[in-house]
Amino acid sequence: MRQPNPTLEVRGLTKRFGGLVAVKNVGFDIAPGEILGLIGPNGSGKSTVMKLIMGIEKPNAGTIQLNGVNLAGQPTHRVAHAGIGIVFQHSRPLHRQTVLQNILLGLLPDSLFTLRAPKSALKHAEQIAERVGLENVKHRLPATLPFADLRRMELAKAIAKNPKLVLVDEPFAGLTAPEVRDFSALITTFRDEGRAVLLVDHNVKSVAALVDRVLALYLGETIAEGSAAEVMCNETVRRVYLGGGITTHERPQKTFAANETILDIKNLSVHYGKAQALDDVSLHLKAKEFVSIVGLNGAGKTTLFNAISGLVPHKGEILWHEAPLRGTPAAIARNGIVQCPETRELFGDLTVSENLLLSGQHLPKPERAQRANWLLTLFPILKTRAPQQAKTLSGGEQQMLAIARALMMNPKLLILDEPTLGLAPVILGQLSEALKTLRDQTDITILLGEQNVTFALPHADRVYVLEHARIIWEGPPSTFATEMAAAYI
Amino acid sequence: MTRNTLIAVIIVVIALAAAPWAGIGDYIIGVLTMICFTAVFAMSWDLLFGYAGEVNFGPSFLIGLGAYGAGMADALYALPIPACIAIGTLAAVIGGVILAVPALRLRGPYFGLVTLVAVLLLQQAIVVFAGTTGGEIGLTVPDFISGSATVNFYWAFGLMLLAGTVLLTIASSPFGLILQASGQDPIEAQSLGYNIVKYKIAAFILSAFFSGLTGAFLVFYLGTASVGAMVDIAVGIQVIIAAVLGGRRTILGSVLGAAFLTGAGELLRPAGELSGFIVAALALAVIILIPNGLLGLLQSRRAA
């Protein structure tokens, strides 16, 4: 859908990081007074597109035209002057300055010789504070404000210089329902003023009510474009988000009925400062069960796993073998709860075999060798890589090593956090096979956190869906696609 | 600046201005003079660390350029003192720009490492060209500011007032606001339309200007330019500790930090070799226990 006189015109945008193509030949328009939603799962390239537009990253190819002027490759401050404003998801306000002074920061001339803020700028800052709903707190320090007001302040800074295009990264992350309504209304006023708006988010659902059009990215490429409803119905999008067409292999629940409840979590809550990362989460795992936690980036999966591993303070109860779980993270790992973190945390300078043997230190020598051998048959590629430094492995091989290293600890419960992050589809097949082997041939209980449902569903016996810090659905993987479609894309 | 802070500053300024007439000896006046010099060095450093967010491990590189620039102009060419001081200051500013422009392109700890190496380089250059620089023994200059401790003190005190006023004005101006934003969240500062490199280089020039100027004055106060007093890494560390001790991102705190370091050093002089150790241990305790510094502590007390 091409508009006659678009504010923003992106063509052939491409960005490579080393061998990884993060954005591949992406093109789109945004008309004045139009809101475009740019969606895609983690690693789809949507944030990179936003950074390329803002000049934070330089594209390898392509053009970014704002009202006909190409800005591709320009430094960020020039892009800002050309008329693009951005609202970051995470920003660090000036803590010794008031809200008003922070907003003023968006209004000053780019000159070394401004020793006094122009009167007009001060007046303008007051007006903007009022417009975004901060008039009552404008003389307070940012640290004393609730989270939503800090987001308002960021919004105020971004629109201060009257940009033609506003980029907003995850506009509603961490906000309550009434706050989401306020922010939607604010963003709608940008549209009414004739600004072009780009909203970047994980799924269509979160921005559906607001956007005029949606562009969906996956692995750096455009997979769908159209109205929110059209994109939600798109075949490729459904496959990416819901794993449409995959076969699930859940074992009936009665298989586990007689097993002990190995992990029982009751009313778990975690706060990071003002933001609530987990809200009253309860779940359980039977011994030998394979449970997947499905949730988009920021839903709270990693926080949940870190709470179980004793890495973050929490409220609520975690029962392990029906007794409260206590002790240091190291003690918890020795007790049989081993986490393979999203970030992998390999020892990059040690070799593959050193990485493995290191986590088997507590095992008697014969058992250690036996276990290492078993792991090398589970992941044959690691055998050929044994003398290499871990940091020289490809992403997929590193992930296999991370899982193997966790298994070396002889876990009763293996927690896998986003093992597919940034990996190519062919590797996913191999990892998936390995998980199937673990499920069918060992007694290990598995808890898998994933946003990639094509990977999370096939071997799972049961699935929980985590959204905005809460569990919103629990059930067998075979009913996931039909029951969760509307809520998940 | 809050009203209370302003009142406190005025009281301290008046007290210091009156100090030489309060019947204290030349020795105490000398200590106060050194406090003023150290305070300017620390303030200049705070502009970079506290506001621009750049850790300069080489404040003594800038001080040393100022000191040796002025000292050599006097000892070798017998120029009048004001000309010598101007040359020293200029040397520090030029040296600072040559250092900052490439170094600010580096990310993270590398800027700090470059500044550290610059100090070693200057130190080695002084030793290698001992014929003109006086080498490790130091360079004795024929001229003095004055033979009177009181006059010397007023020069140092005036310098501190000047540097404090200028740096504080700039720090609380829109320039300072943008500089702080560049230090805390460089990507966001650029997204708001500010060319942050420009602001950081300007901050470095200001810092170099006051460090060099004061280094040059120090030569004509001590009568000598020496590696041990002006260039050594240990001198730079003292400056950094004074600034952090006093309170990061305050400018004013540097005066408290300098007074504490220099004052404690003098008070503990009877302890001999041990005094340096005790001062360092005290400084460490303050930095660990009150990371906001002495000024931060005073302000939070008042707020509570």
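Letters A, B, ... are given to chains in the order of the sequence lines, protein chains preceding strands, and every chain is numbered from 1.
Side-chain contact check for A:Gln65 and A:Thr63: no donor-acceptor pair (N or O, by modelled atom type) lies under 3.5 Å. In this structure, a donor-acceptor pair under 3.5 Å is present between the side chains of A:Thr189 and A:Arg131.
Of the listed residues (A:Arg96, A:Met54, A:Arg116), the greatest number of heavy-atom pairs within a distance under 4.5 Å of chain B belongs to A:Arg96. When each of B:Thr169, B:Ile178, B:Ile170, B:Ile196 is checked for heavy-atom pairs under 4.5 Å with chain A, B:Ile178 comes out on top. Ranked by heavy-atom pairs under 4.5 Å with chain A, the first of B:Ala189, B:Ser173, B:Gly193 is B:Gly193. In terms of heavy-atom pairs under 4.5 Å with chain B, the best-connected choice from A:Arg78, A:Lys157, A:Arg92 is A:Arg92. In terms of heavy-atom pairs under 4.5 Å with chain B, the best-connected choice from A:Pro109, A:Ala82, A:Ser111, A:Ala158 is A:Ser111.
The side-chain tip of B:Arg248 points at the ring of B:Phe49 from less than 6.0 angstrom away and within 45° of straight on.
The residue from B:Val197, B:Leu192, B:Asn195 that alone fulfils the side-chain contact (heavy atoms from CB on, under 4.5 Å) condition with A:His77 is B:Asn195.
The backbone N or O of B:Tyr51 lies less than 3.5 Å from no partner atom in the side chain of B:Arg249, so there is not a single donor-acceptor pair. Between the side chain of B:Tyr194 and the main chain of A:Leu108, a donor-acceptor pair closer than 3.5 Å is present.
Using a 4.5 Å cut-off between heavy atoms, A:Leu105 contacts chain B through both its backbone and its side chain. In this structure, chain B has a heavy atom under 4.5 Å from the backbone of A:Pro93, while its side chain stays farther away. Heavy-atom distances place the side chain of B:Ala202, and not its backbone, under 4.5 Å from chain A. Using a 4.5 Å cut-off between heavy atoms, A:Leu112 contacts chain B through both its backbone and its side chain.
For the pair A:Asp149 and A:Arg140, the salt-bridge criterion is not met [side-chain N within less than 4.0 Å of a carboxylate O].
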